[in-house]
Amino acid sequence: MCSGESFDLGSSCTQRLLIDVLNLLFLLNFLLALLISACKKHNIINKNRIRSWDSISITILCIVIGVAYFSRTGWILFKESKYIHWDQVLILSTRGVIWVVLSVSVNAHPNKWLKAINLIWWSSFALLITASNVKDLVKNHSLPILDITQWFVNLLLLSYALKLIIKSKIDGKHANESLSQALLEEVNGSSNLGGAGFFSRLIFSWLNPLLRLGHSKTLELKDIPSLDAEDEAVHAYNIFTREWDLLRSSKNRTRNLVLLALAKCYKKEMLLVGFYALLKSISIAVSPLILYAFVWYSNLEHKELSKGLVLVGCLLIVKAVESLSQRHWFFDSRRYGMRMRSALMAALYQKELKISSQGRLRHSTGEIVNYIAVDAYRLGDFPWWFHMAWSLPLQLLFSVAILFGTVGMGALPGIVPLVIFGFMNVPIAKMLQHFQSQFMVAQDQRLRATSEVLNNMKIIKLQSWEENFRNTIETLRGVEFKWLRKTQLTKSSGAALYWISPTVVSVVIFAGTAIMRSAPLNAGTIFTVLATLRVMAEPVRMLPEVLSVLIQAKVSLDRIDNFLQEDEIKEENEKRSSLQNLNLVAEVSNGVFSWEHTSITPTLRNISLQIEKGQKIAVCGSVGSGKSSLLYALLGEIPKISGSVDLNGSIAYVSQTSWIQSGTLRDNILYGKPMNKKAYQEAIRCCALEKDIENFDHRDLTEIGQRGLNMSGGQKQRIQLARAVYNDADIYLLDDPFSAVDAHTASILFHDCVMTALEKKTVILVTHQVEFLPQTDRILVMEEGTIIQTGRYEELLKSGTAFEQLVTAHQSSITTINSTDNENRKTTIAVDHLQLNRLQPTKHNSEGEITVTSISAVQLTENEEMEIGNAGWKPYKDYIQISKGSFLLALMIIFQSFFIFLQGLSNYWLAAAIQIRHKSDGMLVGVFSAISLVGCIFLCVRSVLIAHLGLKASKEFFSSFMDSVFKAPMTFFDSTPLGRILTRASSDLSIVDFDIPYSISFVLVGAIDVVTITVIIATVTWQVLVVAIPAIILTIWVQNYYLASARELVRINGTTKAPVMNYAGESLLGVVTIRAFGVVERFFHTNLKLIDTDAKLFFHTVAAMEWVLLRVEALQCLTVLTSTIFLVLLPQGAIAPGFSGLCLSYALTLSSAQVFATRCYSNIENYVISVERIKQFMHIRSEPPAIIYENRPSPSWPQQGRIDLQDLKIKYRPTAPFVLKGITCTLKEGYKVGVVGRTGSGKTTLISALFRLVEPSSGTILIDNLDICSIGLKDLRMKLSIIPQEPTLFRGSVRSNLDPLGMHTDLEIWEALEKCQLKSTISKLPALLDSTVSDDGENWSIGQRQLFCLGRVVLRKNKILVLDEATASIDSATDAILQKVIRKEFSSCTVITIAHRVPTVIDSDMVMVLSYGKIVEYDKPSNLMDIKNSNFAKLVAEYWLNCQRNTASVNKL
């Protein structure tokens, strides 16, 4: 059977026969098991199973080999019929049967036993045949073609077996539902890392359950395990705070305290990570020495196999140490970085809750959110970059030492260009630091402006200022882009410089060695030098980016340090302690308070007051007199210059500007307290919210949009009043809570809430409603920051006093009502209506009728849109198409390919030239230098191309994104949290700016590198392809397996970051309320939970990355080991030493190249999600065009101001009910029309329709017989003026707020200020019209802000004016003056007034009464008063009755 050979186990023939016998045993077992499965009616070959391409390929190849054996058998039978060797026929036919059955086994494994038999069969067959072939190859230096093909297919079978083993272990289906449930519980619990063993931690197998789940289904947030206790934000914050407090109390404050505190907190962890980095640096540096040893071994005349195997073992150990140390360095550094990030985010949030008013002025809301969203986030990677900063230079140092050890003094000339390149880096680093710092400043300014615009988009659209503010943001982005451009081009120059440096250094070293003859330029020397320089490639490639990131980190650390060291609210500003007099709840003695320490005139001065338990104190005065500041002084918000403030008891505070949290209505009322049904219902009842809640589809679980966007002003005010009532505090500070509600509702709130529900509480009420003052225990009258009068109502009614002027103005408004009809008739109406109210006080006192949230059963704020699954090439196509960078990308690929080709060609030249006997060193080095330097030119061009591609993409993405957002309808802003837009404008855009361009470049570089290295190795030892190809296949499979989970982790992480930013921004707006209620700790702990939710996504994303890289490295190490084994086993002279060195020099870099490519590919897959997220907001449904050029109105339109409403119907969503239900009426030119109705009756919607914030569902609105829907929005809105319900000011100056478009002279502005009662106030300011207006106009009172809005419309002088409860926040006296100004300035204009104060509309030409979205009355006020049961008459009667009742109370007193 074996050509006459005796039976010898060492014989190749005998070994092959034994393999055949073993295969026959497996074949029989397989067929028996298959027969049993068939008898049990198992589905042997699942026809529905989707077969992978590798199983199909293996099946075909097995059949081909089987057919080849049968063909050879047939050839023997028919062509050699005379001398047939029947034993040979038997063997060949048996092998044919074996291979055919193998093809069946690949597709038939219906149960786990049969599958196990197959796996053992394939693996043993492949390993035995490999051993036999290697032995034959070493002995005979050749193999038959059929054996080679068979060996290749055997290795494919082995790789397929490994794949199935991994798949069955990681992605195996569980037998029953209970096991599946157990898996889910395991995943959903805390992180598996805490309970993992040493080996599981070592190879990251503790992550398997999550990846298994992610591969079997699309991951959701609930599937992600929570963090271990040591990784949670509260733990990180506590240790950071302890060190921070110690440092702040020390005298040394010259350095960055944040950095010092973090260093003290994590010094042990940083040392551990540093040890990993050191191991990695040493293991990488040792690689060239191993290469030198292999080349030395290959040149030995008499090789000892044991020495070769020792070298292979050393290589294996070095690669294992390199891989494991690097993986744990990267993972642990980011894990500890995550802790640092969580600590800083928590500290920043805690600081924003405690920062002083002065500090608040220096840091806008947008800047503070940016500290959390950008700066703290950036520091999550700081430990990794920090260790890169010292380990990479150490790696360079090791490399230099090896160079000297290899070529001696010949390496000395190479140090010169290395030092030159190092010194050239200094100016590049300084420029990068400067550019990066300027970029961050410019980014802050842009984000501040963007945040302000988004917060106030409604007023911007009403005033048609979109273009102006868009240009402002574009200008700021232009400044930002200028620094971005300089940063990117400088980085590209630095990157090109460092890519070139190894080539230049190698040329100089070879030249120096040749000239000095310090070492022979043989294979060992040349390729050790090249391998060493290739080790240097990583440091020189990464150092520019390391420096750039460390510069960014320094800027971020400085910004965070600056913010955290700001002054905080001083606890001594107000002491919540027990007063000596137990009957007192508040006492202020000789208090002097000022918002600005440098101000000559304090905000409040000479404040002394005592408030007893249970008293109802009213605070009144003209606009800007200091009423709200007095409440701030009691709360400790305003800096105290002198005096004392003492409080006794808990506080509930209702701000003048409503602060509502995103969430349900119930959550806003409960405000973190447990549900007490009785108290909850009472709070809703006394705040007149019952009917509103009944009209909501989701009742009290209705979701409230950001800043209460989907609630009317009155509803927001009553919700926060209900929040205060439910809180059951001792002291209530109410800052003008009735300004946003009508007179009837104000009366209910005062009597049912303040006087009844809070009967035993102490209430300090700031109000302009004089009618409520008689029922209070004491009144404080304020003027210019001083309490000028105090006492009961009747005590203050003295001629000539400020209080008497307020009362007189109020009484004159009552007189206006009286003049419309006779006293008797109105008294009758009032008495009748009073009786009706007494009979049914609750049922008819509720004011809500129609609200935005009642329009649909769908909640307003929807879950954030998120792509699911593998988006394929689409995001990359979008990136290239949007940036219009196809040509640049193609050029970049071409130039990179040329560089890699020339780099490989230069090394190939060295390997070939060494074999030439008669060659000079000059020619060797000269040709190498020429080829290398030409390649460097291509590299430089490629670096510049990628920078320009990135810049082009940044510009196009930002422009399209902002264009889409500015053209979006108001419904988009009502239903989209601000944080979702801001995260796209900040962190997502930052990724597009910085990360994506270079990631694309790195992916291309890595992929081309891996292919090139594999090709070069294969040209020397082609046999390595037998392992390399399966390894690449498995690498791709492992990467795809990982990406199924990683992609979803990153996407979910994109949605968990926005809530952290939203919560920070929202809390900042309501920080006074949060501090007043004493719930800082609760808000802080909620923020910690949000941080942890975000962090656990980051944690598992990083761990998954290291999981895949470890496995990819292991697979590529197989290729490297195979290559080295062949080099060891091949006989002397089989491969030239030069090519042996070439092969090894490239093989040693294969795993690092593959890791680099895999990491960059994974990063770009994660980064490209930012492209998806930005693109979602680049295609928002646009509102109608600003200008329709073919249908523009004449410049003088409207000449008259006549408005016709014809069957007007409005609804907010296609599936929602109508809010306005067929309104038809005419507002004649020059008429003053008052619009009244309960809060939520449709008044604001009517105004929105007039300005086309919402488009009519049917019907038309005509202005001077022109359909407003037929013209552009800008043409319409520029011709309409409005003073909105909530006055809005922008950061800037007095001038820029009154005239944002710069269309008026200073003289015109001063005239407008005089008319709106602001001239005297602004004249006293040093900067006059250039005086500062802070964010949201916080340094001006609400009343003053409303006067600013009046000044705007006075300047514009349009024919149609809308007053949307414009005087709600000013006193009656100022209101009366302003009404005179409006009557005078807009005498020929059509004025539409929505008001809660009856006197405001009583002198109108016409009054429109709305109810449930319909006009129930529209007539002259006098005519409506004549009708006893008219709705308007009832409203007037209520207002008059309140006044009369209060007057009666005074008379009794």
Side-chain angles (χ1 to χ4, degrees), residues 585-586 611-619 631 649-656 658-660 665-694 700 714-767 769 771-778 837-848 1073 1076-1079 1239 1438 1442 1445-1446 1449:
V585 294
I611 300 172
E612 296 180 0
K613 189 175 183 180
Q615 279 190 327
K616 305 294 181 286
I617 308 296
V619 183
L631 297 189
S650 59
I651 294 176
Y653 170 66
V654 176
S655 58
Q656 190 173 12
S658 303
W659 179 69
I660 304 294
L665 188 147
R666 179 188 292 179
D667 291 339
N668 272 277
I669 295 176
L670 295 180
Y671 205 48
K673 286 186 170 289
M675 168 63 86
N676 181 325
K677 196 70 177 177
K678 185 178 179 181
Y680 180 73
Q681 293 295 340
E682 176 60 20
I684 289 173
R685 186 201 63 78
C686 72
C687 294
L689 281 168
E690 287 177 308
K691 196 166 184 181
D692 297 88
I693 292 174
E694 286 176 13
D700 63 342
Q715 286 168 333
K716 286 190 284 187
Q717 197 69 280
R718 285 179 287 128
I719 289 169
Q720 67 166 357
L721 189 59
R723 175 173 65 203
V725 172
Y726 185 80
N727 195 64
D728 193 28
D730 301 315
I731 307 168
Y732 283 80
L733 306 181
L734 311 180
D735 195 353
D736 202 10
F738 311 136
S739 61
V741 297
D742 56 67
H744 173 59
T745 307
S747 177
I748 293 170
L749 295 178
F750 181 76
H751 292 100
D752 290 3
C753 182
V754 177
M755 301 305 295
T756 304
L758 304 180
E759 181 181 9
K760 297 180 181 179
K761 308 292 185 179
T762 304
V763 180
I764 303 172
L765 172 68
V766 171
T767 184
Q769 275 81 351
E771 61 268 24
F772 301 135
L773 298 181
Q775 298 182 56
T776 59
D777 298 312
R778 186 146 54 103
N837 285 341
R838 284 175 177 170
L839 288 171
Q840 296 175 312
T842 305
K843 183 176 180 181
H844 292 282
N845 281 352
S846 181
E847 57 168 317
T1073 302
F1077 277 83
V1079 291
T1239 300
E1438 288 165 4
N1442 290 329
R1445 182 163 51 188
N1446 296 331
S1449 300

Taking all non-hydrogen atoms of both residues, which atom of [X] and which atom of [Y] are closest, and how far apart?
X     : Y    : answer
A1076 : Y653 : CB-CB, 3.5 Å
A722  : L689 : CB-CD1, 3.9 Å
V654  : P737 : CG1-CB, 4.3 Å

Side chain to side chain contact (heavy atoms under 4.5 Å, CB included) between Y726 and N676, worked out: CA-CA 9 Å; Y726 185 80; N676 181 325; 3.6 Å; yes
If I take atom [atom1] from residue [X] and atom [atom2] from residue [Y], how far apart are they, to the nearest 0.5 angstrom?
X    : Y    : atom1 : atom2 : value
I651 : T762 : CD1   : OG1   : 10.5 Å
L765 : D736 : CG    : CG    : 8.0 Å
Q720 : D735 : CD    : CG    : 9.5 Å
I684 : E694 : CD1   : CD    : 10.5 Å
R778 : I611 : CZ    : CD1   : 6.5 Å
Q717 : Q656 : CD    : CD    : 8.5 Å

Would S650 and D730 count as having a side-chain donor-acceptor pair, cut-off 3.5 Å? yes
Give the intermediate values and the outcome of side chain to side chain contact (heavy atoms under 4.5 Å, CB included) for residues V725 and C753. CA-CA 8 Å; V725 172; C753 182; 3.5 Å; yes
Does R685 come within less than 4.0 Å of E682, counting only side-chain N to carboxylate O? yes
Any residue meeting side-chain hydrogen bond (donor to acceptor under 3.5 Å, both in side chains) with [X], in chain and number order, not counting sequence neighbours:
X    : result
D777 : none
Y680 : D700
T767 : Q769

What residues, two or more places apart in sequence or in another chain, satisfy side chain to side chain contact (heavy atoms under 4.5 Å, CB included) together with [X]?
X    : value
E612 : N583, L584, Q615
A652 : A724, N727, A729, Y732, F1077
N668 : I660, Q661, I704, I719, R723

I'd like to know whether M675 forms a side chain to side chain contact (heavy atoms under 4.5 Å, CB included) with L670, so could you lay out the CA-CA distance, the side-chain angles of the two residues, the decisive distance to 0.1 Å, and finally the verdict. CA-CA 7 Å; M675 168 63 86; L670 295 180; 4.1 Å; yes
Have a look at L734 and tell me which of V754, I764, V766 forms a side chain to side chain contact (heavy atoms under 4.5 Å, CB included) with it. V754
Report the C-alpha distance between K616 and Q775 in whole Å, list the side-chain angles of each, state the deciding distance to 0.1 Å, and finish with yes or no for side chain to side chain contact (heavy atoms under 4.5 Å, CB included). CA-CA 8 Å; K616 305 294 181 286; Q775 298 182 56; over 6 Å; no
Mind checking whether F738 and F750 have parallel, tilted or perpendicular rings, split at 30° and 60°? perpendicular
In chain order, what residues pass the salt bridge (Lys or Arg N to Asp or Glu O under 4.0 Å) check against K761, with sequence neighbours excluded? D728
